[in-house]
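Below is a structure I'd like to ask you about.
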Amino acid sequence: MCGITGWVSFDRDLRAHGQTLDAMTETMSCRGPDDRGTWTDGPAALGHRRLAIIDLPGGRQPMTATTPEGTVALVYSGETYNFTELREELAGHGHEFATGSDTEVVLRGYLQWGEGVAARLNGMYAFAVWDGRRQRLVMIRDRMGIKPFYFHPTPDGVLFGSEPKAILANPLARARVTVDGLREIFAFVKTPGHAVWDGMREVEPGTVVTVDRDGLRSRAYWRLETRPHPHDRDETVATVRSLLDDIVRRQLVADVPRCVLLSGGLDSSAMAALAAGRLAVTGETLRSFAVDFAGQGEHFVADEMRGTPDAPYAHDVARLAGTEHRDIVLDTQALADPEVRAKMLTARDLPVGFGDMDASLYLLFQAIREHSTVALSGESADEVFGGYRQFFDERARRGGTFPWLVRHAETLGDETGVLRQDVLDALDVPTYVKDSYATAAGGVERLDGESDFEYRMRTVSHLYLTRFVRSLLDRKDRASMAVGLEVRVPFCDHRLVEYVYNAPWALKSFDGREKSLLREAARDSLPRSVYDRVKSPYPSTQDPKYAFALQEHAKDLLSRRGHPVFGLVDHETLRRLAHRDTPQIRQASRRGLERALDLALWFDLYEPEVVLP
């Protein structure tokens, strides 16, 4: 998996800046606990931290290739699932390989096809190539944005890294956030390319960014396109199943222990069943892991978001699929631990978390890492197949805004409620969201002859696949890589995404339920309980002790009246939340407390310069 970083400076010899490169590289140590490497040649410096997954002794980086015209060097993060086929094709072109790693396949692929190698890759990846033949840096990111990738232009080149912290370790970058960055933190719209930190950008998914002495250029090699759907219901279900079988086969390839994340929902259950069946052919038993909270099973109370606890359904799947299953049971003290909050915020570099759901994800991955290095996840199936309730909510369908925001405050709480009024006025988040939605919805292509209703549903799907899912993928990548765990997301295979995106909504919901195509495609592998189960979101603790712990942490923060967080957070609003009777602390109040505590930690850890009008 790994973490990458680098620096290109056409006006310097970076061989004299080894300490800075080392500092940038070491910020990625959690992403790559197994090995480290750096490489410098005049204007280019590359750094790499490795989490060894394939060809453990042979995949060291930075990886170089010597040509008569100059050296080509690569730093690579991710997995290329079709590397075996590409290796054979490249061998046919005369390339010789010294390792069995997918990294060398990508390097040799670049030598053969240049930037065109991107369109040939199936996988999740972010990589940078210094092409010494042309004195040019090439940065490429996977189609769905599974692997993070950031860059920061400088007067004479560029800084880059898997995470902002790598770039911020260079003196040329400032930990500065303007009003536009704050808007992105609070709007929950995931603007493509926006990195929050001033001067920094994301390499957009499906994009190639090149940097040379003439400047920086960017081009898309992939985007989500509208096409006619060629199949009826039976053919569509069969095609989805065929794609899933092939995807799982490819993504189970690893030279380290593998497992699946199993919540008991349709998505993870289908993935667990298919993966277990695949491994059973070779006599291997698949491990599965689920997260649960102490006392949740005995005291669970259904609410608008979650009608049933996960554990019974996960156990049904584990029994039927024959997995070696383990529940990771978390207590309230661990969820509310400020050190866990700090680790998750450091992993994400920004105060953009989901409270206890982030803490539980981090703790789950930490526990899994003791047993496995690679985990398959059901993430993104809701976006691909239409699983969220907003797909069936007429307000969200016609809301004129991002569908997940229509009932956001009602279900998750309004985290902007703790901000000072002058800050709210300066941010003007509603206008930012409105403008962002107009840009996003305006980019959705309409199929000739498509009905108004089908086009509305295509727009909802497009927004989830190009905006919402990127937030979830970033969250999962950061939480997992913070503990050195590689999480793979089979439902993000671009072939599946393209195919299902273009299936009409009438097919995606042919039985009147969410994710009809996935349910039917995996029917033979699922217990009836899961086949019939209604969508349930990622679990959240119901223990009132969690809210009480938040209040205690907030009271401690309130005693630090001069803390810089109170340049953003309203002291009196936070005081009211901290002293409210705990039984009255509902989701909205919890979110406000969590956001204030996240912001305070962010100031403590990063000392950001926040610039408001």
Side-chain angles (χ1 to χ4, degrees), residues 53-54 79 81 122-124 237-292 309-329 364-365 367-382 384-385 387 476 480 485-493 495-496 515 517-533 535-536 538-539:
I53 302 293
I54 294 174
E79 304 292 345
Y81 301 123
N122 176 292
M124 54 178 189
V237 170
T239 302
V240 168
R241 177 54 182 265
S242 177
L243 282 168
L244 288 174
D245 285 338
D246 182 66
I247 293 165
V248 169
R249 174 183 65 83
R250 292 177 182 276
Q251 298 203 18
L252 281 173
V253 173
D255 295 333
V256 292
R258 299 149 294 180
C259 68
V260 292
L261 309 179
L262 178 57
S263 71
L266 176 61
D267 316 335
S268 65
S269 298
M271 195 51 55
L274 294 175
R278 180 77 192 176
L279 291 184
V281 175
T282 61
E284 185 176 348
T285 299
L286 179 69
R287 291 189 178 101
S288 60
F289 295 89
V291 66
D292 201 1
D310 285 343
Y313 298 91
H315 296 166
D316 286 350
V317 175
R319 279 191 295 270
L320 182 63
T323 69
E324 180 186 318
H325 184 74
R326 178 174 302 192
D327 292 325
I328 306 300
V329 181
L364 170 66
F365 289 158
I368 290 173
R369 184 62 176 88
E370 297 177 6
H371 308 277
S372 295
T373 310
V374 170
L376 269 62
S377 164
E379 191 80 86
S380 308
D382 286 309
V384 174
F385 290 97
K476 184 150 283 184
S480 60
L485 176 71
E486 173 175 299
V487 174
R488 299 178 178 179
V489 279
F491 289 114
C492 278
D493 185 291
R495 299 168 299 162
L496 181 69
K515 295 179 283 196
L517 291 175
L518 175 58
R519 181 179 291 103
E520 200 62 23
R523 170 199 275 269
D524 65 328
S525 303
L526 298 173
R528 189 71 200 189
S529 60
V530 172
Y531 180 86
D532 291 332
R533 191 185 184 195
K535 160 73 181 173
S536 182
Y538 184 86

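If you read the sequence from its start, that first residue is 1, and numbering goes on from there.
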> Within the side chain of Thr285, is there an N or O that forms a donor-acceptor pair under 3.5 Å with the backbone of Glu324?
Replying inline: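 Not at all, since once roles are kept as given, no pair shorter than 3.5 Å links the two residues.
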> Do Asp292 and Ile328 touch side chain to side chain, with heavy atoms closer than 4.5 Å?
Replying inline: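 Not in contact.
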> CZ of Arg287 to OG of Ser372: how many Å apart, nearest 0.5 Å?
Replying inline: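 The CZ atom of Arg287 sits 4.5 Å away from the OG atom of Ser372.
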>> Taking the side chain as everything from C-beta on, heavy atoms only, tell me whether Phe385 gets closer than 4.5 Å to Leu266.
In response: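 In short, these two side chains do not touch, never coming nearer than 4.5 Å.
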> Pro490 and side-chain contact (heavy atoms from CB on, under 4.5 Å): which partner among Ile247, Val260, Leu252, Leu274?
Replying inline: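 Single side-chain contact (heavy atoms from CB on, under 4.5 Å) partner of Pro490 among Ile247, Val260, Leu252, Leu274: Ile247.
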>> For Ser377, give me all partners under side chain to side chain contact (heavy atoms under 4.5 Å, CB included), at least two apart in sequence or on another chain.
In response: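 Ser377: side chain to side chain contact (heavy atoms under 4.5 Å, CB included) contacts with Leu261, Glu379, Lys476, Val487, Val489.
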> Is the shortest heavy-atom distance from the side chain of Arg523 to the side chain of Arg528 under 4.5 Å?
Replying inline: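 In contact.
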> How many angstroms lie between atom CG of Asp310 and atom OG of Ser268, to the nearest 0.5 angstrom?
Replying inline: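 If I round to the nearest 0.5 Å, the distance is 8.0 Å.
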>> Quick one, Val281 and Arg278 - any side-chain contact, counting heavy atoms below 4.5 Å?
In response: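 Of all side-chain heavy-atom pairs linking Arg278 with Val281, none is under 4.5 Å.
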> Between atom CG of Leu485 and atom SG of Cys259, what is the distance when rounded to the nearest 0.5 Å?
Replying inline: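 Leu485 atom CG to Cys259 atom SG measures 6.5 Å (nearest 0.5 Å).
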>> Checking salt bridge (Lys or Arg N to Asp or Glu O under 4.0 Å) between Asp267 and each of Arg533, Lys515, Arg519, which is the one that passes?
In response: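 For Asp267, the salt bridge (Lys or Arg N to Asp or Glu O under 4.0 Å) test succeeds with only one of Arg533, Lys515, Arg519, which is Lys515.
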>> Between Val253 and Tyr81, is there a side-chain heavy-atom distance shorter than 4.5 Å?
In response: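 Result no, sub-4.5 Å side-chain heavy-atom pair not found.
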> If you take all heavy atoms of Leu320 and Pro527, which pair is closest and at what distance?
Replying inline: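 Taking Leu320 first and Pro527 second, the nearest heavy atoms are CD2-N, 3.4 Å.
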> Looking only at heavy atoms, what is the nearest atom pair of Ala275 and Val248, with distance?
Replying inline: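 That would be CA-CG1, 3.7 Å.
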>> Taking the basic N atoms (NZ, or NE/NH1/NH2) and the acidic carboxylate oxygens, is any pair closer than 4.0 Å for Glu486 and Arg488?
In response: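 The answer is yes: the pair qualifies as a salt bridge.
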>> So which atom in Leu262 and which in Ala314 form the shortest heavy-atom distance, rounded to 0.1 Å?
In response: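 In terms of heavy atoms, the two residues are closest at CD2-O, 3.5 Å.
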> Taking all atoms of both residues into account, what is the closest heavy-atom pair of Ala321 and Ala276, and its distance?
Replying inline: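 That would be O-CB, 3.6 Å.
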> Just how far is it from atom CG of Leu526 to atom CG of Leu518, taken to the nearest 0.5 Å?
Replying inline: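 Here the rounded value is 8.0 Å.
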> How about Arg326: does its CZ atom have over 12 heavy atoms from other parts shown lying under 6.0 Å from it?
Replying inline: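 No, the 6.0 Å shell around CZ holds no more than 12 heavy atoms from other groups.
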> Does Asp327 have any side chain to side chain contact (heavy atoms under 4.5 Å, CB included) partners at least two apart in sequence or in another chain, and if so, which?
Replying inline: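 Only Ala290, His315, His325, Val329 meet the side chain to side chain contact (heavy atoms under 4.5 Å, CB included) criterion with Asp327.
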> Considering only heavy atoms from C-beta outward, does the side chain of Ser525 approach that of Arg241 to under 4.5 Å?
Replying inline: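 The answer is yes; the side chains approach within 4.5 Å.
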> When rounded to the nearest 0.5 angstrom, what distance separates CD in Glu79 from CD1 in Ile53?
Replying inline: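 Those atoms lie 6.0 Å apart.
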> For the atom pair CZ (Arg319) and CG (Asp316), what is the distance rounded to the nearest 0.5 Å?
Replying inline: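 These two atoms lie 5.0 Å from each other.
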>> Does this structure show an ion pair linking Asp493 with Arg250, if we count only N-O contacts that are shorter than 4.0 Å?
In response: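 Not counted as a salt bridge, because no side-chain N and carboxylate O are separated by less than 4.0 Å.
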